Amino acid sequence: MKFKKALVMGTGRLPFQCARRLGGFFDQADICVLEIKLTEVSVLEKLCMNHQISYACLSKTQIEERLRGISEPTLVVSAVNTYLFQPWFLQQEHITTINYHNALLPRHRGRNAESWAIFDGDEETGITWHFVDAGVDTGRVIDQRAVCIEPDMTAISLLKRQNQMAAEAFDSFIGLLLEGELRGSEQARSKENTLHYSQELPNNGWLDMQWSLDKMSRFLRAMDYGAIMTLGHPMVALAEQGYKIVRYELAAEGQERETGPREELRPGQLTIREGGKRLCLQLEPGEDTIS
(Lines give C-alpha, C1' and ligand atoms only; values in the text may rest on other atoms or scores of the structure.)
Protein backbone atom coordinates (compact mmCIF):
# COMPACT_ATOMS: atom_id res chain seq x y z
CA MET A 1 0.00 0.00 0.00
CA LYS A 2 1.34 3.45 -0.95
CA PHE A 3 -0.01 5.31 2.12
CA LYS A 4 1.02 5.26 5.78
CA LYS A 5 -1.76 7.45 7.16
CA ALA A 6 -5.36 8.37 6.36
CA LEU A 7 -7.09 11.63 7.22
CA VAL A 8 -10.85 12.08 6.76
CA MET A 9 -12.33 15.58 6.75
CA GLY A 10 -16.02 16.46 6.75
CA THR A 11 -19.22 16.40 8.76
CA GLY A 12 -22.16 14.06 9.26
CA ARG A 13 -22.33 10.30 8.84
CA LEU A 14 -20.41 9.90 5.56
CA PRO A 15 -16.92 10.74 6.94
CA PHE A 16 -17.47 8.16 9.66
CA GLN A 17 -18.45 5.54 7.07
CA CYS A 18 -15.29 6.32 5.11
CA ALA A 19 -13.13 6.07 8.23
CA ARG A 20 -14.70 2.72 9.14
CA ARG A 21 -13.98 1.39 5.65
CA LEU A 22 -10.38 2.61 5.87
CA GLY A 23 -10.07 0.64 9.09
CA GLY A 24 -9.89 -2.47 6.94
CA PHE A 25 -6.59 -1.25 5.46
CA PHE A 26 -4.93 0.85 8.18
CA ASP A 27 -4.18 0.41 11.84
CA GLN A 28 -6.73 2.36 13.89
CA ALA A 29 -3.99 4.67 15.19
CA ASP A 30 -3.18 5.74 11.62
CA ILE A 31 -6.68 7.08 10.86
CA CYS A 32 -7.96 10.46 12.05
CA VAL A 33 -11.21 12.34 11.41
CA LEU A 34 -11.31 16.16 11.43
CA GLU A 35 -14.42 18.34 11.52
CA ILE A 36 -15.06 22.07 11.39
CA LYS A 37 -17.67 22.72 14.04
CA LEU A 38 -20.99 23.74 12.46
CA THR A 39 -23.51 22.83 15.18
CA GLU A 40 -23.53 22.35 18.94
CA VAL A 41 -24.15 18.61 18.61
CA SER A 42 -21.91 16.63 16.26
CA VAL A 43 -23.22 13.34 14.90
CA LEU A 44 -19.74 12.62 13.55
CA GLU A 45 -18.07 13.08 16.94
CA LYS A 46 -20.50 10.69 18.62
CA LEU A 47 -20.05 8.02 15.94
CA CYS A 48 -16.26 8.24 16.12
CA MET A 49 -16.22 8.07 19.91
CA ASN A 50 -18.47 5.01 19.90
CA HIS A 51 -16.10 3.19 17.53
CA GLN A 52 -12.77 4.39 18.99
CA ILE A 53 -11.85 6.41 15.91
CA SER A 54 -9.54 9.39 16.51
CA TYR A 55 -11.56 12.60 16.13
CA ALA A 56 -10.88 16.33 16.47
CA CYS A 57 -13.10 19.38 15.98
CA LEU A 58 -10.91 22.28 14.86
CA SER A 59 -11.12 25.80 13.46
CA LYS A 60 -9.97 26.42 9.90
CA THR A 61 -6.70 27.85 11.22
CA GLN A 62 -6.10 24.79 13.37
CA ILE A 63 -6.87 22.49 10.45
CA GLU A 64 -4.33 24.28 8.30
CA GLU A 65 -1.72 23.84 11.03
CA ARG A 66 -2.60 20.14 11.16
CA LEU A 67 -2.25 19.80 7.40
CA ARG A 68 1.14 21.52 7.42
CA GLY A 69 2.35 18.88 9.86
CA ILE A 70 1.73 15.92 7.53
CA SER A 71 5.10 14.35 6.71
CA GLU A 72 4.28 10.74 5.79
CA PRO A 73 2.50 9.43 2.66
CA THR A 74 -1.12 10.24 3.46
CA LEU A 75 -4.51 9.82 1.85
CA VAL A 76 -6.86 12.72 2.62
CA VAL A 77 -10.57 12.00 2.13
CA SER A 78 -12.83 15.06 1.87
CA ALA A 79 -16.47 14.10 2.42
CA VAL A 80 -19.15 16.75 3.06
CA ASN A 81 -16.28 19.07 3.84
CA THR A 82 -16.34 22.89 3.78
CA TYR A 83 -12.59 23.44 4.10
CA LEU A 84 -10.95 24.62 0.86
CA PHE A 85 -7.53 23.07 0.30
CA GLN A 86 -4.87 25.65 -0.48
CA PRO A 87 -2.45 25.39 -3.45
CA TRP A 88 0.56 24.80 -1.19
CA PHE A 89 -1.14 21.72 0.24
CA LEU A 90 -2.17 20.25 -3.11
CA GLN A 91 1.42 20.53 -4.33
CA GLN A 92 2.70 18.10 -1.68
CA GLU A 93 3.79 14.95 -3.53
CA HIS A 94 3.42 12.69 -0.49
CA ILE A 95 -0.27 13.61 -0.08
CA THR A 96 -3.17 12.44 -2.24
CA THR A 97 -6.51 14.18 -1.71
CA ILE A 98 -9.88 12.95 -2.96
CA ASN A 99 -13.27 14.62 -2.62
CA TYR A 100 -16.91 13.62 -2.74
CA HIS A 101 -19.22 15.93 -4.67
CA ASN A 102 -22.99 15.50 -4.76
CA ALA A 103 -23.57 16.03 -8.49
CA LEU A 104 -22.55 14.58 -11.83
CA LEU A 105 -19.56 16.80 -12.52
CA PRO A 106 -18.96 19.07 -14.30
CA ARG A 107 -22.61 20.09 -13.79
CA HIS A 108 -23.34 21.93 -10.53
CA ARG A 109 -19.83 22.45 -9.22
CA GLY A 110 -19.53 24.24 -5.90
CA ARG A 111 -22.00 24.38 -3.01
CA ASN A 112 -25.50 22.97 -2.45
CA ALA A 113 -25.56 21.06 -5.72
CA GLU A 114 -28.61 19.01 -4.69
CA SER A 115 -30.65 22.20 -4.31
CA TRP A 116 -29.68 23.52 -7.74
CA ALA A 117 -30.41 20.20 -9.44
CA ILE A 118 -33.98 20.29 -8.10
CA PHE A 119 -34.53 23.99 -8.86
CA ASP A 120 -33.22 23.65 -12.41
CA GLY A 121 -35.61 20.78 -13.08
CA ASP A 122 -32.90 18.20 -13.76
CA GLU A 123 -34.32 14.74 -14.35
CA GLU A 124 -31.27 13.14 -12.78
CA THR A 125 -28.25 14.04 -10.76
CA GLY A 126 -25.75 11.85 -8.93
CA ILE A 127 -22.45 11.72 -7.11
CA THR A 128 -18.80 12.09 -8.09
CA TRP A 129 -15.65 11.03 -6.27
CA HIS A 130 -12.68 12.84 -7.76
CA PHE A 131 -9.07 13.77 -7.12
CA VAL A 132 -8.67 17.32 -5.83
CA ASP A 133 -6.74 19.77 -7.98
CA ALA A 134 -6.37 23.56 -7.92
CA GLY A 135 -9.83 24.17 -9.41
CA VAL A 136 -13.26 23.94 -7.77
CA ASP A 137 -14.51 20.38 -8.27
CA THR A 138 -12.51 20.04 -11.49
CA GLY A 139 -10.23 17.09 -10.67
CA ARG A 140 -10.01 13.72 -12.39
CA VAL A 141 -13.03 11.48 -11.82
CA ILE A 142 -12.64 8.31 -9.76
CA ASP A 143 -16.28 7.19 -9.70
CA GLN A 144 -19.64 8.62 -10.83
CA ARG A 145 -23.15 7.28 -10.18
CA ALA A 146 -26.52 8.69 -11.25
CA VAL A 147 -29.82 8.95 -9.40
CA CYS A 148 -33.24 10.01 -10.72
CA ILE A 149 -34.82 13.05 -9.10
CA GLU A 150 -38.31 12.05 -8.04
CA PRO A 151 -41.17 14.60 -8.24
CA ASP A 152 -41.49 14.87 -4.46
CA MET A 153 -37.77 14.95 -3.59
CA THR A 154 -36.56 17.76 -1.36
CA ALA A 155 -32.98 18.96 -1.05
CA ILE A 156 -32.51 17.03 2.20
CA SER A 157 -34.06 13.77 0.94
CA LEU A 158 -31.94 13.92 -2.23
CA LEU A 159 -28.82 14.69 -0.21
CA LYS A 160 -29.39 11.68 2.04
CA ARG A 161 -29.76 9.43 -1.00
CA GLN A 162 -26.59 10.84 -2.54
CA ASN A 163 -24.59 10.37 0.66
CA GLN A 164 -25.69 6.73 0.78
CA MET A 165 -24.54 6.27 -2.83
CA ALA A 166 -21.24 7.98 -2.00
CA ALA A 167 -20.52 5.49 0.79
CA GLU A 168 -21.30 2.56 -1.52
CA ALA A 169 -19.02 3.97 -4.23
CA PHE A 170 -16.18 4.57 -1.74
CA ASP A 171 -16.35 0.95 -0.61
CA SER A 172 -16.01 -0.22 -4.21
CA PHE A 173 -12.88 1.70 -5.22
CA ILE A 174 -10.88 2.39 -2.07
CA GLY A 175 -8.83 -0.81 -2.23
CA LEU A 176 -7.55 -0.04 -5.73
CA LEU A 177 -6.90 3.58 -4.82
CA LEU A 178 -4.78 2.63 -1.81
CA GLU A 179 -2.69 0.36 -4.01
CA GLY A 180 -2.06 3.25 -6.41
CA GLU A 181 -3.96 1.58 -9.24
CA LEU A 182 -6.47 4.39 -9.91
CA ARG A 183 -5.56 7.46 -11.92
CA GLY A 184 -9.06 8.72 -12.68
CA SER A 185 -10.36 10.19 -15.93
CA GLU A 186 -10.75 13.72 -17.19
CA GLN A 187 -14.14 15.26 -16.60
CA ALA A 188 -16.41 15.39 -19.63
CA ARG A 189 -16.45 18.62 -21.60
CA SER A 190 -19.84 20.23 -21.20
CA LYS A 191 -21.60 23.55 -21.70
CA GLU A 192 -23.32 22.78 -18.37
CA ASN A 193 -20.14 23.49 -16.42
CA THR A 194 -21.98 25.46 -13.74
CA LEU A 195 -20.44 26.78 -10.51
CA HIS A 196 -22.46 27.76 -7.42
CA TYR A 197 -21.15 29.73 -4.45
CA SER A 198 -22.17 29.27 -0.81
CA GLN A 199 -23.97 32.61 -0.67
CA GLU A 200 -26.12 31.85 -3.75
CA LEU A 201 -29.76 30.85 -3.34
CA PRO A 202 -32.27 29.76 -5.99
CA ASN A 203 -33.83 33.05 -7.19
CA ASN A 204 -32.09 34.72 -4.23
CA GLY A 205 -34.43 32.82 -1.89
CA TRP A 206 -37.67 34.43 -3.13
CA LEU A 207 -40.68 32.66 -4.62
CA ASP A 208 -41.93 34.42 -7.77
CA MET A 209 -45.72 34.65 -7.95
CA GLN A 210 -45.52 34.62 -11.76
CA TRP A 211 -44.03 31.13 -11.85
CA SER A 212 -46.04 28.06 -12.73
CA LEU A 213 -47.09 25.86 -9.83
CA ASP A 214 -44.56 23.23 -10.91
CA LYS A 215 -41.71 25.74 -10.75
CA MET A 216 -42.91 26.98 -7.37
CA SER A 217 -42.80 23.38 -6.16
CA ARG A 218 -39.24 22.96 -7.47
CA PHE A 219 -38.18 26.16 -5.70
CA LEU A 220 -39.71 25.16 -2.37
CA ARG A 221 -38.28 21.65 -2.51
CA ALA A 222 -34.87 23.05 -3.48
CA MET A 223 -34.91 25.25 -0.37
CA ASP A 224 -36.15 22.45 1.89
CA TYR A 225 -33.43 21.02 4.17
CA GLY A 226 -35.84 20.20 6.98
CA ALA A 227 -34.67 21.17 10.46
CA ILE A 228 -31.11 21.82 9.23
CA MET A 229 -32.26 25.03 7.46
CA THR A 230 -29.14 25.14 5.26
CA LEU A 231 -30.55 27.88 3.03
CA GLY A 232 -32.90 29.49 5.53
CA HIS A 233 -36.61 30.08 5.00
CA PRO A 234 -37.88 30.70 1.47
CA MET A 235 -39.56 34.09 1.14
CA VAL A 236 -42.50 35.51 -0.79
CA ALA A 237 -43.51 39.15 -1.39
CA LEU A 238 -47.16 40.10 -1.00
CA ALA A 239 -48.37 43.71 -1.08
CA GLU A 240 -44.83 45.05 -0.57
CA GLN A 241 -44.34 42.90 2.52
CA GLY A 242 -41.91 40.02 2.77
CA TYR A 243 -43.14 36.79 4.36
CA LYS A 244 -41.30 33.67 5.47
CA ILE A 245 -42.72 30.44 4.10
CA VAL A 246 -42.58 28.17 7.14
CA ARG A 247 -44.56 25.27 5.67
CA TYR A 248 -45.85 24.22 2.27
CA GLU A 249 -48.04 21.48 0.82
CA LEU A 250 -48.78 20.63 -2.80
CA ALA A 251 -51.80 18.43 -3.46
CA ALA A 252 -54.15 17.44 -6.26
CA GLU A 253 -57.68 18.82 -6.12
CA GLY A 254 -59.27 16.11 -8.23
CA GLN A 255 -60.29 18.45 -10.98
CA GLU A 256 -59.24 21.89 -12.10
CA ARG A 257 -61.29 24.80 -10.83
CA GLU A 258 -62.46 26.79 -13.81
CA THR A 259 -63.63 29.83 -11.84
CA GLY A 260 -62.30 31.87 -8.97
CA PRO A 261 -58.92 33.54 -8.38
CA ARG A 262 -55.61 31.75 -8.83
CA GLU A 263 -54.42 33.02 -5.45
CA GLU A 264 -56.34 33.16 -2.18
CA LEU A 265 -54.76 35.01 0.73
CA ARG A 266 -55.92 34.57 4.32
CA PRO A 267 -54.18 35.56 7.55
CA GLY A 268 -51.05 33.44 7.73
CA GLN A 269 -51.89 31.39 4.65
CA LEU A 270 -51.63 31.68 0.87
CA THR A 271 -53.31 29.15 -1.44
CA ILE A 272 -52.44 28.96 -5.14
CA ARG A 273 -54.44 26.81 -7.56
CA GLU A 274 -53.43 25.76 -11.06
CA GLY A 275 -53.99 22.78 -13.36
CA GLY A 276 -55.92 20.74 -10.82
CA LYS A 277 -53.30 21.25 -8.13
CA ARG A 278 -53.33 23.28 -4.93
CA LEU A 279 -50.26 24.76 -3.21
CA CYS A 280 -50.83 25.89 0.37
CA LEU A 281 -48.23 28.11 2.04
CA GLN A 282 -48.10 28.88 5.74
CA LEU A 283 -46.62 32.34 6.21
CA GLU A 284 -45.04 34.43 8.94
CA PRO A 285 -44.07 38.10 8.59
CA GLY A 286 -40.45 38.42 7.60
CA GLU A 287 -37.90 41.13 8.34
CA ASP A 288 -37.47 41.95 4.66
CA THR A 289 -39.89 44.31 2.94
CA ILE A 290 -40.15 45.10 -0.73
CA SER A 291 -39.56 48.74 -1.64
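Bear in mind the structure is a predicted one, so any value in this text is a computation, not a measurement.
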Do [X] and [Y] have side chains that get closer than 4.5 Å, going by heavy atoms?
{"X": "F89", "Y": "I70", "answer": "yes"}
{"X": "Y243", "Y": "L281", "answer": "no"}
{"X": "V33", "Y": "F16", "answer": "no"}
{"X": "E64", "Y": "W88", "answer": "yes"}
{"X": "L195", "Y": "Y197", "answer": "yes"}
{"X": "L7", "Y": "V77", "answer": "no"}
{"X": "K2", "Y": "P73", "answer": "no"}
{"X": "L250", "Y": "M216", "answer": "no"}

Mark yes or no for whether [X], through its side chain, and [Y], through its backbone, hold a donor-acceptor pair below 3.5 Å.
{"X": "Q162", "Y": "G126", "result": "yes"}
{"X": "D133", "Y": "G135", "result": "yes"}
{"X": "N203", "Y": "G205", "result": "no"}
{"X": "E284", "Y": "V246", "result": "no"}
{"X": "T128", "Y": "L105", "result": "yes"}

Does this structure show an ion pair linking D208 with K215, if we count only N-O contacts that are shorter than 4.0 Å? no
Side chain to side chain donor-acceptor pair (under 3.5 Å) with N193: of R109, Q187, H108, only one passes, and it is R109
Going by atom types alone, do N81 and S78 pair a side-chain donor with an acceptor below 3.5 Å?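 Looking only at side-chain atoms, S78 and N81 do form a donor-acceptor pair, the distance falling under 3.5 Å.
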Atom CZ of R247 with >12 non-hydrogen neighbours under 6.0 angstrom: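 No.
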Can I get a per-line list of side-chain donor-acceptor pairs under 3.5 Å for residues 165-180, giving both atom names and the distance, sequence neighbours left out?
unit_1 : atom_1 : unit_2 : atom_2 : d
E168   : OE2    : Q164   : NE2    : 3.4
S172   : OG     : R145   : NH2    : 3.0
S172   : OG     : A169   : O      : 2.6

When you measure from the centre of the six-membered ring of W116, is the NZ or CZ of R107 closer than 6.0 Å and no more than 45° off the axis?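 Negative - R107 is either too far from the ring of W116 or too far off its axis.
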Assigning hydrophobic clusters by single linkage (Ile, Leu, Val, Met, Phe, Trp, Tyr; side-chain heavy-atom cutoff under 4.5 Å), is F219 placed with L213? yes
Between I31 and M49, is there a shared hydrophobic cluster once you connect ILVMFWY residues whose side-chain heavy atoms come closer than 4.5 Å? no
Identify the two heavy atoms, one from E45 and one from E35, that lie closest to each other, and give their separation to 0.1 Å.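 Nearest heavy atoms, E45 then E35: N-OE1, 4.3 Å.
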Please tabulate, for side-chain N and O atoms in residues 151-159, each donor-acceptor pair with protein atoms closer than 3.5 Å (sequence neighbours left out).
unit_1 : atom_1 : unit_2 : atom_2 : d
T154   : OG1    : S157   : N      : 3.2
T154   : OG1    : S157   : OG     : 3.2
S157   : OG     : T154   : N      : 2.9
S157   : OG     : T154   : O      : 3.1

